[in-house]
Q: 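Structure below; questions to follow.
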Amino acid sequence: MSTPVDDPLSRERSHLAASRSALRAMREDVEALDITDVTANWVNAEVLARQIEERIKALADLSDTPLFFGRLDYLHAPGAEQAEGAEGERFYIGRRHVHDHDGDPMVIDWRAPVSQPFYQASKTDPMDVALRRRFGYTRGDITAYEDEHLSDPAAVTLSGSAGGARTSKLLQQEIERPRVGPMRDIVATIQPEQDEIVRSGLSGTVCVQGGPGTGKTAVGLHRVAYLLYAHRERLARTGTLVIGPNRSFLHYIEQVLPALGELTVQQATVDDLVAHVEIKGADDATAAVVKGDARLARVLRRALYAHVTMPTEPVVVVRGSRRWRIPAYELQELVRELLDRDIRYGAAREALPQRIAHAVLVQMERSGEAPDDRVQDAVARNSAVKAAVKAVWPAVDPAKLVLRLLSDAEFLAVHAEGILDEDEQKAILWAKPARSVKSAKWSAADAVLIDEATDLIQRTHSLGHVVLDEAQDLSPMQYRAVGRRCTTGSATVLGDLAQGTTPWATRSWQEALAHLGKQEALVEELTAGFRVPTDVITYASRLLPHIARGLTPVVSIRENPGHFEVRPVSGPKDVVEACRELLRHEGSTGLIAADARVPELAEALEEAGIPYLGPGEETTLDTRLTLVPASLAKGLEYDYVVLDEPRAVVDGEPDERTGLRRLYVALTRAVSGLIVTHTAGLPSQLASTTLH
């Protein structure tokens, strides 16, 4: 009989306790830092104090988050031909690095090279690993472990709590654990194909096509965490950004990176990026499609550079008793040269007075004078030069430029000739032209046009890395807006062509990446489903031939087939009763319905005394039901889902194809179970196959 000292679980619990103590000591060391005499001025002191504050936050010990989740025992000591690791030494793999008082590692960051075999090693390629151990936790305490003897072909996987097993039960339990609250990290369950994407280099852009539940969002977020680990100094200078489809989605994912110790990544929607004006209006589908077309970039460029006119008069600069004359033909050469260089409109406008001043200095030197840079700057500021620049290359306000295009039919016709036909021009012209930028009823698509015009005038700041999630719903002009934010950096593009629900939804990733300016990007496809149960994803996949022919259906790897039922009902009370049934289970429940049916269902829930939340609001023990309009369901997940009236979801969209895609999204939000309720008939694309 084993003594507590020899018991593996006891030893692992002791290591966990020691690791937590070491992490606490690391935090206390940072908190005790005295920077009084270190910094030269108050600015440096402020920056250093902020860095220390962020470091303290990053070293927080989250009681409900396991400090480590795995262990690797290597076979050999380090060597040129051997994997990293020391003979007999073991590495505990966790969310962050922890070291003891002597600096020896107690937990290795999951992103470190020595940790990679935890995700990649296999019986066929053990990567010099003798043993891989996974840990099971209950409320922060180790309660089980599971071993894989990778380098011993005769050995089987053993579980420390339940005897022998040939598959990873702990891995399955972690994947199938109830989803309560915001999205969590997946560092303990990253699969080999996901790990390869996560560890892709910073210089390359990766596009991930993934069906529901394949973990593409988690992969994108973990790639950011990995890049920050591998290229921290560079990304600290250039910045990182995660772009999501809406605020509810961003709220849902906002805790993933902080749980991994990364606190500096910004989050935004595309609308946030282009918030140059207040959005007061909305476009119909036809206008939105035209405004989102990449051809509008050519129209805007034409309209902008139409402001440049060739000079017809000379510039005469008076300095003291001397007059210096630059003839019109020479001014024209300067203007043509700037146009040929294809630099930003604003940069060229700023360069023109210096070019004119340089021409004056050439004349001064020929006459025997010796002017310096100060003279050139003075000439560039001369009133005659300023007047010439204003006439030839006037300043243009981007919002006013777009305002004129959308308000002035003649101005639009001139600059859209050969690009947009008459019907397309009529579609985007405002019925009631606005008098000013402030009074205009701008739409979201108009704001993107203003962003394009702004970039034509002055270059947009580029970040080091951008993650773009739910990318399939972006218009070409929105892709261009995102692409401007990473022209000198890289991107991770995440999406599913089958879930595109906008009239301008992406037709192919090659086309989307071209608009993004990342044609060289690597396109990866994830097809293993970790979230959606087999019966649910099989049912939803009936729609694929009708919405995205050619895509590989998701194959669920979950051992639990999940609860699935299609239930005819007589009205909202029966729908509420289905919610009540699912709330008896542990975890979160979502009631998803066509937007138009949400008020009626909300009233039925209130009459039944069942509290509920809106999308993005955090669930509690007392309130675990969320009422979700179908238009906001994308990217969200719930343990159990009641999907109300599929036909209404389809009919709520402008066309059947878009409606079926919206339905596909709604059907695939469930993690453990789905009840489809309906009074009307089901869409034929779902009803055509008999369920077993």
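No experiment lies behind these values; they were computed from the predicted model shown.
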Q: Do the non-hydrogen side-chain atoms of I243 and L273 ever get within less than 4.5 Å of each other?
A: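 When only atoms from C-beta onward are counted, L273 and I243 do touch, with a gap below 4.5 Å.
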Q: Between E470 and Q472, do the side chains contain an N or O donor and an N or O acceptor separated by less than 3.5 Å?
A: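 Yes, Q472 and E470 have a side-chain donor paired with an acceptor closer than 3.5 Å.
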Q: Let's go through L403 and W430 carefully: what are the C-alpha distance in whole Å and the side-chain angles of both, what is the deciding distance for side-chain contact (heavy atoms from CB on, under 4.5 Å) to 0.1 Å, and is it a yes or a no?
A: CA-CA 9 Å; L403 178 70; W430 287 342; 3.2 Å; yes
Q: Measure from the ring center of Y226 to the ring center of H222 and say whether it is less than 6.0 Å.
A: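 Judged by ring-centre distance (under 6.0 Å), Y226 and H222 do not meet the cut-off.
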Q: Please check if any side-chain donor atom of W442 sits under 3.5 Å from a side-chain acceptor atom of E278, or the reverse.
A: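 Checked: W442/E278 side chains show no N/O donor-acceptor pair below 3.5 Å.
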Q: Begin from the C-alpha positions of Y479 and T506 and carry the test side-chain hydrogen bond (donor to acceptor under 3.5 Å, both in side chains) through to its verdict.
A: CA-CA 10 Å; Y479 277 117; T506 302; 2.8 Å; yes
Q: Please walk me through it: do D455 and R344 pass salt bridge (charged side-chain N to carboxylate O under 4.0 Å, His left out)?
A: CA-CA 8 Å; D455 184 71; R344 293 297 194 278; 3.1 Å; yes
Q: Answer yes if the side chains of H465 and T240 hold a donor-acceptor pair under 3.5 Å, and no otherwise.
A: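 Result is no, nothing qualifies.
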Q: Run the salt bridge (charged side-chain N to carboxylate O under 4.0 Å, His left out) check on R295 and D293 step by step: do they pass?
A: CA-CA 5 Å; R295 292 175 297 162; D293 195 302; 3.2 Å; yes
Q: Heavy atoms, side chains only, cut-off 4.5 Å: are E193 and L526 in contact?
A: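 The answer is yes; the side chains approach within 4.5 Å.
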Q: Which pairs pass side chain to side chain donor-acceptor pair (under 3.5 Å) with one or both residues in residues 397-406, sequence neighbours excluded?
A: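 Residue pairs with at least one partner in residues 397-406: there are none.
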Q: Do the side chains of P212 and R669 get nearer than 4.5 Å, heavy atoms only?
A: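 Touching, per the 4.5 Å side-chain cut-off.
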Q: Check step by step if salt bridge (charged side-chain N to carboxylate O under 4.0 Å, His left out) holds for R301 and E452.
A: CA-CA 9 Å; R301 186 176 184 83; E452 179 82 28; over 6 Å; no
Q: Does the side chain of D451 come under 3.5 Å of the side chain of T454 through a donor N or O and an acceptor N or O?
A: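 No, because no side-chain N or O of D451 sits under 3.5 Å from a partner of the opposite role on T454.
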Q: Distance alone, cut at 3.5 Å: any donor-acceptor contact between the side chains of Y252 and E637?
A: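 Yes - a donor-acceptor pair under 3.5 Å links their side chains.
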